[in-house]
Chemist: 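Input: one structure, supplied below.
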Amino acid sequence: MGVLDELVEIPRKTMLLFFLVDTSASMAGDKIASLNEGIRDVLPDLRDISNDNADAQIKIAVLDFSSGTEWITDSPQPLDGFEWRNLRADGVTDLGEAFTELNEKLSETAFLQDAAGCYAPVIILISDGAPTDNYRKGLDALQANRWFQAAIRIALAVDGADEHVLAEFTGSTDMVIPISNKAMMNRMIRFVSVTSSRIGSRLGSDATRQREVEKAVRSELNELTAMTELDAEASFDDSWQ
């Protein structure tokens, strides 16, 4: 038997993409509808990124929070075969409980236990309100978690969101993206999901990947601002109903 006959496929590492989704009552109507549409529409792109990557497989985990929390995914799910189910909006904004739940799963004994190893995760938080519980306790625990420290963290601040709290979560105001209408919701869900997944699932230091995502986000927001200034009637002026 030759050397080439003995070659075996090297297992790919996992990069876990978290969505933390605010489904409180203030998200009802077009906000939650646009969120559902945006995440569903980007799944084929994320699936392609994962399938084309020889180094890392992307898996998805979804946490829904309002009056309490619920993991939509009991465990990290491969994108092949994963189907988005529409979320409904009701209740208050238990963001602190969401932080506590996320902290418990950011562990080698929970969601980050793949045998081949894991890249630092990507965490996308989408919210339109202010916490109605003690978010500080949950966030303090998260900030001490080494996986959270290494993660690419992005927040989409839908109209009415407490951007100060979201900046505490991301660690940078540059990674808090204001979402003022339906078109921006769809565009930015796609942009941050695709960009962070491409960058986060390749070799490189955690700090370098974070800087690359921050640079890409700033560039995208500058482009959107310029488009809006040039044409106040552009599709980005598509207000919530």
Side-chain angles (χ1 to χ4, degrees), residues 15-22 27 30-50 52-53 56 58 60 62 79 84 119-128 148 150-240:
M15 194 222 75
L16 184 51
L17 172 62
F18 285 92
F19 282 102
L20 272 62
V21 180
D22 179 353
M27 285 286 291
D30 279 348
K31 292 180 181 179
I32 197 68
S34 296
L35 184 151
N36 284 320
E37 179 183 354
I39 295 181
R40 181 182 294 106
D41 287 352
V42 79
L43 289 177
D45 295 326
L46 299 177
R47 191 175 298 121
D48 289 343
I49 294 170
S50 180
D52 293 342
N53 191 325
I58 299 172
I60 189 170
V62 183
L79 287 161
W84 181 258
Y119 285 106
V122 171
I123 308 171
I124 299 173
L125 170 61
I126 306 173
S127 179
D128 78 331
F148 181 78
I152 294 171
R153 306 184 300 274
I154 305 167
L156 302 188
V158 186
D159 269 352
D162 187 329
E163 295 189 20
H164 174 73
V165 171
L166 297 184
E168 289 186 76
F169 171 82
T170 63
S172 168
T173 55
D174 286 339
M175 297 296 270
V176 177
I177 302 171
I179 304 295
S180 58
N181 52 56
K182 294 179 286 184
M184 256 199 106
M185 174 81 90
N186 292 341
R187 176 165 176 158
M188 294 312 296
I189 285 176
R190 176 179 295 277
F191 178 79
V192 299
S193 301
V194 167
T195 302
S196 59
S197 294
R198 281 179 176 156
I199 293 173
S201 62
R202 69 187 188 210
L203 295 174
S205 72
D206 297 331
T208 297
R209 288 195 288 263
Q210 180 78 9
R211 286 194 298 270
E212 286 188 47
V213 174
E214 287 184 5
K215 181 179 179 181
V217 166
R218 285 196 299 271
S219 177
E220 179 74 359
L221 288 176
N222 288 339
E223 180 179 338
L224 283 173
T225 299
M227 290 174 64
T228 303
E229 289 175 349
L230 285 172
D231 186 357
E233 300 302 320
S235 61
F236 299 103
D237 188 23
D238 187 11
S239 301
W240 309 113

Chemist: Pairs in or reaching into residues 191-200: which pass salt bridge (charged side-chain N to carboxylate O under 4.0 Å, His left out), with residues at least two apart or in two chains?
Modeler: none

Chemist: Mind checking side-chain hydrogen bond (donor to acceptor under 3.5 Å, both in side chains) for Thr208 and listing every partner two or more places apart, or none if nothing turns up?
Modeler: Ser205, Arg211

Chemist: Once ring-ring contact (aromatic ring centres under 6.0 Å, His included) is applied, what residue pairs with a partner in residues 180-213 remain, sequence neighbours excluded?
Modeler: none

Chemist: Can you list everything that forms a side-chain hydrogen bond (donor to acceptor under 3.5 Å, both in side chains) with Ser193? Sequence neighbours excluded, please.
Modeler: none

Chemist: Listed by chain and number, what are the side-chain contact (heavy atoms from CB on, under 4.5 Å) partners of Ser172, not counting sequence neighbours?
Modeler: Asp174, Met175, Glu214

Chemist: Assess, by modelled atom type and distance only, whether the side chains of Ser180 and Asp159 contain a donor and an acceptor separated by less than 3.5 Å.
Modeler: no

Chemist: Contact between Leu125 and Ile154 at the side-chain level, heavy atoms closer than 4.5 Å - yes or no?
Modeler: no

Chemist: Restricting to side-chain hydrogen bond (donor to acceptor under 3.5 Å, both in side chains), what partner residues turn up for Asp48, sequence neighbours left out?
Modeler: none

Chemist: Kindly write out the residues that satisfy salt bridge (Lys or Arg N to Asp or Glu O under 4.0 Å) with Glu212, not counting sequence neighbours, or none if the list is empty.
Modeler: Arg202

Chemist: Taking only residues two or more places apart in sequence, or in another chain, which ones meet Asp128 in a salt bridge (Lys or Arg N to Asp or Glu O under 4.0 Å)?
Modeler: Lys31

Chemist: Quick one: salt bridge (Lys or Arg N to Asp or Glu O under 4.0 Å) partners of Arg209, sequence neighbours excluded?
Modeler: Asp206

Chemist: Under the ring-ring contact (aromatic ring centres under 6.0 Å, His included) test, which residues partner Phe148, sequence neighbours left out?
Modeler: Phe169

Chemist: Which residues pass the side-chain hydrogen bond (donor to acceptor under 3.5 Å, both in side chains) test with Glu220, sequence neighbours left out?
Modeler: Arg187

Chemist: Restricting to salt bridge (Lys or Arg N to Asp or Glu O under 4.0 Å), what partner residues turn up for Asp41, sequence neighbours left out?
Modeler: none

